[in-house]
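Scroll down for the structure; my scribbles are underneath it.
Proteins get letters first, then strands, A, B, ... in listed order; numbering begins at 1 in each. Everything numeric in this text was worked out from a predicted model, so none of it was measured.
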2 protein chains.
Amino acid sequence: MVVVSLENVSGGSLNEAKIHDQVYEALSEALIQGKIPPLKPVSLRTLAHNLGVSPMPVREAVRRLIAEKALELQPSNKRLRVPDLTEKRLMQLMTARQWVEPELARLATPHVTKDVIKRLREDDAAVMTALGKGDVAAYMQANQDFHFSIYRLADADLFYDMARTLWLQVGPFMRVVFGRMGTVHLPKDHHQDMIRALETGDAGTVKTSMAADIHEGMELMLDAIKAHVAPEPKRRRRG
Amino acid sequence: MVVVSLENVSGGSLNEAKIHDQVYEALSEALIQGKIPPLKPVSLRTLAHNLGVSPMPVREAVRRLIAEKALELQPSNKRLRVPDLTEKRLMQLMTARQWVEPELARLATPHVTKDVIKRLREDDAAVMTALGKGDVAAYMQANQDFHFSIYRLADADLFYDMARTLWLQVGPFMRVVFGRMGTVHLPKDHHQDMIRALETGDAGTVKTSMAADIHEGMELMLDAIKAHVAPEPKRRRRG
DNA sequence: AGCCCAATTTTGTGATCACACTTCAGCGAT
DNA sequence: ATCGCTGAAGTGTGATCACAAAATTGGGCT
């Protein structure tokens with residue numbers, strides 16, 4: 001099954017975006033959504049074939065994703081794959097998210113408008129619906145929409161890109177964890193508090209509730225990775 | 001004058017590192033050292049020619065650097081260049097450095113050995129020597145060595161890479177600022193305090209003195225960018 | 001059956017060519 | 001001299017080919 005395509009990327013209208021940018025968008029979206037599991041090998045030619053483009057732009061997109069550590073290519077081995085997460089690395093990702101994302105939320109607060117609140121309520125509703133149905137894929141999409149609808153307002157390019165890079169690295173693993181334990185135990189509702197604080201312009205509360213939201217989600221993943229250390233490499237042992 | 005070469009990269013002797021990795025190392029080193037000024041246009045073919053390689057591996061290295069925002073290619077215009085720094089962006093870089101680097105220093109503390117202390121004293125001595133001679137290039141090299149000798153010990157890949165990316169973005173501009181105002185006003189000596197704290201294993205003091213060191217350096221740059229908003233685009237240089 | 005080695009396929013990497021587009025140098029007219 | 005145009009040179013992008021090395025397969029062995 002092909003999890004990545006060019007069609008659903010940015011109905012970029014009059015856009016003459018480069019092919020490698022479109023490929024990048026398609027791949028990174030798939031990664032954030034967790035549609036490509038950790039340790040899954042991918043290949044330039046296969047991706048290129050699935051996307052209907054030559055291997056060239058795929059190489060550039062992949063090189064970019066490798067730089068962002070959303071993909072890796074094993075050292076001696078020359079295979080390209082989605083990196084696995086060690087507990088050590090996950091803790092660093094958690095810390096970094098706690099640095100960046102609450103700050104983004106704080107910076108976003110002054111720029112909130114009625115339209116934004118409306119949009120956030122829709123996103124949050126979608127999150128709740130997905131949780132109710134136990135639809136992990138829909139949950140991840142809606143949750144991403146909710147967070148980045150806020151971050152986008154912060155007018156802080158560097159922080160925004162940092163957040164996106166962190167999500168790229170967490171995405172594949174998050175999907176596995178939530179898929180394994182179901183959506184039942186997912187972080188309870190900090191979103192409502194956050195929306196209220198955004199409405200009243202209470203930047204402090206926005207920041208702390210964002211921190212709490214992230215903390216709970218990542219804590220779940222930490223527990224999961226501690227319990228289930230090696231996500232079993234699939235088949236074929238080493239001789 | 002050619003500011004980037006492959007020879008001084010990792011006397012890699014038995015190393016069979018990919019060419020694009022060597023090119024990346026050469027370019028990023030030049031950028032961190034500030035050897036390529038902001039807004040300076042570079043081109044794939046020129047770099048390839050100077051490095052004695054084909055444009056292909058340069059493309060991959062450059063794509064990586066663009067992902068790290070150490071290079072940019074102007075939107076409509078398709079030229080590749082070193083990005084300029086706005087005040088807004090510099091403040092984000094400063095904040096991010098304050099997040100990552102003091103934490104790296106704290107994490108490094110338990111792993112300090114006598115050899116490390118020796119190395120740090122040498123690096124610090126080189127810093128002082130460079131300051132004495134007003135040699136900006138030597139200062140930047142020695143200062144980088146000092147900081148990353150510490151960061152390397154932290155055993156925190158993600159944070160380490162984040163720090164490196166931040167230095168990549170700050171490097172070109174730092175060179176310009178310090179070159180303009182001379183090395184006289186450079187941050188006074190937090191290095192000594194830091195080394196002492198590292199010796200005694202006082203992680204708290206290590207962290208705070210690292211924060212102070214970074215704060216002062218970046219504060220200088222903030223002042224500089226506020227005073228000298230547009231670093232004059234510089235017309236036509238011929239080599 | 002289980003295991004090992006050889007041949008085949010597939011992988012990423014690098015080089016080269018083609019193309020559309022921008023920039024720049026040079027010349028002519030005002 | 002200044003302005004405006006035009007041809008040449010240079011730009012990043014994409015496609016295709018060549019190649020060494022790793023992964024995979026398949027057959028032959030114990």
Side-chain angles (χ1 to χ4, degrees), chain A residues 6 9 12 14-27 36 39-67 69-83 233-239, chain B residues 2 6 9 12 14-27 36 39-83 233-239:
Chain A
L6 283 191
V9 167
L14 55 98
N15 193 356
E16 44 170 330
K18 311 294 180 193
I19 298 184
H20 71 257
D21 282 324
Q22 301 179 40
V23 173
Y24 172 82
E25 289 298 333
L27 281 175
I36 312 180
L39 297 183
K40 165 90 174 195
V42 296
S43 92
L44 299 183
R45 286 174 177 85
T46 303
L47 285 174
H49 180 262
N50 288 346
L51 293 169
V53 301
S54 94
M56 200 66 238
V58 179
R59 274 166 77 169
E60 308 218 30
V62 161
R63 187 60 58 193
R64 203 170 147 189
L65 289 165
I66 292 176
K69 274 126 195 45
L71 291 176
E72 74 178 359
L73 106 124
Q74 8 195 5
S76 138
N77 193 331
K78 51 178 12 174
R79 294 282 298 227
L80 185 66
R81 65 179 187 186
V82 180
K234 199 178 197 175
R235 65 175 227 210
R236 200 154 166 29
R237 58 182 179 190
R238 164 89 172 83
Chain B
V2 180
L6 284 191
V9 168
L14 56 96
N15 195 355
E16 45 172 328
K18 311 295 179 192
I19 296 184
H20 66 82
D21 282 323
Q22 300 179 41
V23 173
Y24 172 81
E25 289 298 331
L27 281 174
I36 312 180
L39 297 183
K40 166 91 174 189
V42 296
S43 93
L44 299 182
R45 287 174 177 83
T46 304
L47 285 174
H49 181 261
N50 289 346
L51 293 168
V53 301
S54 93
M56 200 65 238
V58 179
R59 274 166 78 171
E60 307 217 27
V62 161
R63 187 59 59 193
R64 205 171 145 188
L65 288 165
I66 291 177
E68 298 173 330
K69 277 137 196 27
L71 292 177
E72 72 177 2
L73 46 80
Q74 10 193 1
S76 143
N77 193 331
K78 48 178 24 173
R79 301 270 309 218
L80 188 65
R81 66 178 185 186
V82 179
K234 158 187 278 194
R235 291 197 43 93
R236 292 254 10 244
R237 270 299 290 275
R238 177 70 180 98

Need to verify one output field. Residue with the more 5' nearest nucleotide on DNA chain D, A:Q74 or A:I19?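 Nearest nucleotide further toward 5': that of A:I19.
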State, with a plain yes or no, whether a side-chain heavy atom of [X] is found less than 4.5 Å away from one of [Y].
{"X": "B:I66", "Y": "B:L80", "value": "yes"}
{"X": "A:M56", "Y": "A:R59", "value": "yes"}
{"X": "A:V23", "Y": "A:L27", "value": "yes"}
{"X": "B:D21", "Y": "B:R64", "value": "yes"}

Can you find a donor-acceptor N/O pair under 3.5 angstrom joining the side chain of B:R59 to the base of D:dG14?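 It does, because a donor-acceptor pair links the side chain of B:R59 to the base of D:dG14 below 3.5 Å.
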Partner set under side-chain hydrogen bond (donor to acceptor under 3.5 Å, both in side chains) for B:R63, not counting sequence neighbours: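 side-chain hydrogen bond (donor to acceptor under 3.5 Å, both in side chains) list for B:R63, sorted by chain: A:H20, A:E60.
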Length of the [atom1]-[atom2] vector between [X] and [N], whole Å:
{"X": "A:E60", "N": "C:dG14", "atom1": "CD", "atom2": "P", "answer": "14 Å"}
{"X": "B:L71", "N": "D:dG12", "atom1": "CG", "atom2": "C1'", "answer": "14 Å"}
{"X": "A:R81", "N": "C:dT11", "atom1": "CZ", "atom2": "C1'", "answer": "15 Å"}
{"X": "B:D21", "N": "C:dG14", "atom1": "CG", "atom2": "P", "answer": "8 Å"}
{"X": "B:M56", "N": "D:dC17", "atom1": "CE", "atom2": "P", "answer": "16 Å"}
{"X": "A:Y24", "N": "D:dT13", "atom1": "OH", "atom2": "P", "answer": "15 Å"}

Enumerate all atom pairs, one protein N or O and one N or O from nucleotides 9-11 of chain D, separated by less than 3.5 Å.
residue: D:dT11; atom: OP1; partner: B:S43; partner atom: OG; Å: 2.9

Quick one: which of C:dT13, C:dT16, D:dG14 gets closest to the side chain of B:K18?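 Comparing C:dT13, C:dT16, D:dG14 against the side chain of B:K18, the answer is C:dT13.
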By side chain to side chain contact (heavy atoms under 4.5 Å, CB included) - contacts of A:R81 (at least two apart):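 If we apply the side chain to side chain contact (heavy atoms under 4.5 Å, CB included) test to A:R81, skipping adjacent residues, the hits are A:L39, A:E72, A:Q74.
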Report which part of the nucleic acid A:R63 touches: base, sugar-phosphate, or nothing (heavy-atom distance under 4.0 Å, all strands).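 A:R63: backbone/sugar contact only, no base atoms under 4.0 Å.
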